[in-house]
Amino acid sequence: MDVTAIGEILIDLTQTGVNEAGVPQFSANPGGAPANVAVAAARLGAKTAFLGKVGNDGFGAYLRRVLEDNGVNSRGLRTGDQHTTMAIVSVDETGERSFRFVRGADRDLPPEGVDEDEVLHSKILHFGSVSLTAGLSRSATIFAARTAHRSGGVVSYDPNYRPALWASEAEASEWMTIPLPLVDILKASEEELPLLTGTAGLEEGTRILEERGISLVMVTLGGEGCFCRWKGETWHQPGVPVKVADTNGAGDTFLGAVLSRLCQRGEKPLEGLTRAELKDILAFANRAAAFTCSRSGAIPAMPALAELFDGQGSPRLP
């Protein structure tokens, strides 16, 4: 397996517009950041698996089908008595999102429910911070990351901060930083960097994370692209201009694209990686994220590999 992701898979009730009376209208899209990353990487050519938990309901069955239809191994997706988790995603006129969560089964994956064999036989184990917020899934996530780290696998982390899921910013900062000693690859937003490092400065913040043992640090900058630190060097990778329909899933597409390309390098995805290689990978990931932004929804908006190139193999823009 190339990438195994653990964490939440849920229903994104995403605002698609308003009716003639001005009432918001929503679509029930599949989502959840780690699941998004698994699907994005699979659509872009990686072999991926997902570990998590859904309810024994129609939404849970639907989400399992979505994973399987997108080529993601769902053997590690457990089913429980609680309802499938939902996130209500409102979108403003610029395409920016706001979240409200109705938590359910995603919180209740126990450590013994983790497919340890899947973790041990993956090049990269990926997780996010939503599953660190509460419940048994907090222990399951740390267990999976520690298992991958101890076995010599690469651990990827997205500290995706959702204020509504934490009692306070201080609590979020504490729990979001706990897994850092296990992490090799980190993707954060500008807003999340201070929670991890105490500074908003890109150079300083990423230096602090590198000193904590994180090999590859990427800070996404929206339409401006991303800031990267690798082996003591930093640079800004420009974004791809696009007319934004919805930013939901863009960061997950970016990270899924990065992980998929890293896995193409062999059993040790980071070994011998050069700056030139990484710049090409980031340019590819920014382009994939731009495609996602040009469409609505998270998983439904993610591009397939063939969409990113024309008939001659040259890069295609959204």
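Given the structure is predicted, the values throughout are model-derived calculations rather than measurements.
- Glu68 places no side-chain N or O within donor-acceptor distance of the main-chain N or O of Arg65, the cut-off being under 3.5 Å.
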Show, in sequence, the C-alpha distance, side-chain angles and deciding distance for Phe309 and Arg287, and conclude whether the side chain to side chain contact (heavy atoms under 4.5 Å, CB included) test is met. CA-CA 10 Å; Phe309 298 95; Arg287 198 154 45 85; 3.8 Å; yes

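- Note that CG of Leu109 and CD1 of Ile6 are 5.5 Å apart. Values are rounded to the nearest 0.5 Å.
- In this structure, Leu262 CG and Asp184 CG are separated by 11.0 Å, a value rounded to the nearest 0.5 Å.
- Side-chain atoms of Val119 and Asp115, non-hydrogen and from C-beta on, never get closer than 4.5 Å to each other.
- Between Lys53 and Asp106, none of the side-chain N atoms (NZ, or NE/NH1/NH2) sits under 4.0 Å from a carboxylate O, so this pair counts as no salt bridge.
- For Gln237, the side chain to side chain contact (heavy atoms under 4.5 Å, CB included) criterion is met by Cys226, Trp235, Lys279, Leu282, Ala283, Asn286, not counting sequence neighbours.
- Taking every heavy atom of both residues into account, Thr85 and Gly104 meet most closely at OG1-N, 2.8 Å.
- Of the N and O atoms on the side chains of Glu171 and Ser168, not one donor lies less than 3.5 Å from an acceptor on the other residue.
- Taking the side chain as every heavy atom from C-beta outward, Pro163 and Tyr161 approach each other to under 4.5 Å.
- Closest of all the heavy-atom pairs between Leu216 and Cys228 is CD1-SG, 3.7 Å.
- Connection of Leu195 to Leu202 is established within a shared hydrophobic cluster, with ILVMFWY side chains joined at heavy-atom distances below 4.5 Å, either directly or through further cluster members.
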How far apart are the C-alpha atoms of Trp230 and Val217, what are their side-chain angles, what is the distance that settles it, and do they pass the side chain to side chain contact (heavy atoms under 4.5 Å, CB included) test? CA-CA 7 Å; Trp230 170 249; Val217 182; over 6 Å; no

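- Listed here is the closest heavy atom pair of Pro24 and Phe26: CB-CE1, 3.6 Å.
- Here the closest non-hydrogen pair linking Met218 and Leu255 is CE-CD1, 4.0 Å.
- Taking the side chain as every heavy atom from C-beta outward, Leu186 and Pro159 approach each other to under 4.5 Å.
- Heavy atoms from other residues, nucleotides or ligands lying under 6.0 Å from CZ of Arg100 number 12 at most.
- Residues Met176 and Val219 are members of one and the same hydrophobic cluster, defined by side-chain heavy-atom contacts under 4.5 angstrom among Ile, Leu, Val, Met, Phe, Trp and Tyr.
- If you check the side chains of Thr199 and Glu204, you find no donor sitting under 3.5 Å from an acceptor.
- Within 6.0 Å of CG on Asp81 lie no more than 12 heavy atoms contributed by other residues, nucleotides or ligands.
- A side-chain donor-acceptor contact under 3.5 Å links Asp57 and Thr84.
- For Arg162 and Phe101, the positive end is not near the middle of the six-membered ring at less than 6.0 Å and at most 45° from its axis.
- Both Leu196 and Phe227 belong to a common hydrophobic cluster when Ile, Leu, Val, Met, Phe, Trp and Tyr are linked at side-chain heavy-atom distances under 4.5 angstrom.
- Expressed to the nearest 0.5 Å, how far SG of Cys263 lies from CE of Met1 amounts to 11.0 Å.
- The number of heavy-atom neighbours closer than 6.0 Å to CD of Glu169, taken from other residues, nucleotides and ligands shown, is 12 or below.
- A donor-acceptor contact shorter than 3.5 Å links the side chain of Asn19 to the backbone of Ala21.
- Rounding to the nearest 0.5 Å gives a distance of 3.5 Å between OG1 of Thr206 and CZ of Arg229.
- The shortest side-chain heavy-atom distance between Met86 and Leu10 does not fall under the 4.5 Å cut-off.
- The backbone N or O of Asp117 lies less than 3.5 Å from a partner atom in the side chain of His121, making a donor-acceptor pair.
- Going from atom CZ of Arg43 over to atom OG1 of Thr48 covers 11.0 Å, rounded to the nearest 0.5 Å.
- Using a 4.5 Å cut-off on side-chain heavy atoms (C-beta onward), Arg146 and Leu125 make no contact.
- There is no path of hydrophobic side-chain contacts, each under 4.5 Å, that joins Phe143 to Leu182.
- Put simply, the side chain of Asn73 never gets that close to the backbone of Ala49: no donor and acceptor are under 3.5 Å apart.
- Side-chain atoms of Glu224 and His236, non-hydrogen and from C-beta on, do get closer than 4.5 Å to each other.
- Note: the hydrophobic cluster containing Leu77 does not contain Val114 (ILVMFWY, side chain heavy atoms under 4.5 Å, direct or indirect links).
- In Asn56, the CG atom is not crowded: 12 or fewer heavy atoms of neighbouring residues, nucleotides or ligands sit closer than 6.0 Å.
- Nearest heavy-atom pair across Ser137 and Asp108 is OG-N, 3.4 Å.
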Test Arg64 against Thr79 for side chain to side chain contact (heavy atoms under 4.5 Å, CB included), laying out the working first. CA-CA 10 Å; Arg64 185 181 296 275; Thr79 301; 3.3 Å; yes

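- A donor-acceptor pair is defined here as one N or O able to donate and one able to accept, closer than 3.5 Å; such a pair exists between the side chain of Asn160 and the backbone of Ser129.
- Residues satisfying the side chain to side chain contact (heavy atoms under 4.5 Å, CB included) criterion with Ala288, sequence neighbours excluded, are Leu44, Thr253, Ala257, Pro303, Leu308.
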Step by step, work out the salt bridge (Lys or Arg N to Asp or Glu O under 4.0 Å) result for Glu271 and Lys123. CA-CA 12 Å; Glu271 193 172 280; Lys123 296 176 186 176; over 6 Å; no

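- A heavy-atom distance below 4.5 Å is found between the side chains of Val54 and Ile9.
- Looking at Glu203 and Thr234, their side chains do bring a donor and an acceptor atom within 3.5 Å of each other.
- Under the 4.0 Å criterion applied to side-chain N and carboxylate O atoms, Glu277 and Arg265 are assigned as salt-bridge partners.
- Using modelled atom types, one finds no donor on one side chain facing an acceptor on the other under 3.5 Å when comparing Asp12 with Asn29.
- The two atoms that bring Leu209 and Thr197 nearest to each other are CG-CG2, 3.6 Å, heavy atoms only.
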Let me see the working for Tyr157 and Ile185 under side chain to side chain contact (heavy atoms under 4.5 Å, CB included), right down to the final yes or no. CA-CA 6 Å; Tyr157 176 39; Ile185 299 171; over 6 Å; no

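- A search for side chain to side chain contact (heavy atoms under 4.5 Å, CB included) contacts involving Thr133 returns Arg103, Leu165, Trp166, not counting sequence neighbours.
- The line from CG of Leu270 to NZ of Lys268 is 10.0 Å long, rounded to the nearest 0.5 Å.
- No side-chain heavy atom of Phe254 sits under 4.5 Å from any side-chain heavy atom of Thr292.
- Atom CD of Glu267 is surrounded by 12 or fewer heavy atoms from other residues, nucleotides or ligands within 6.0 Å.
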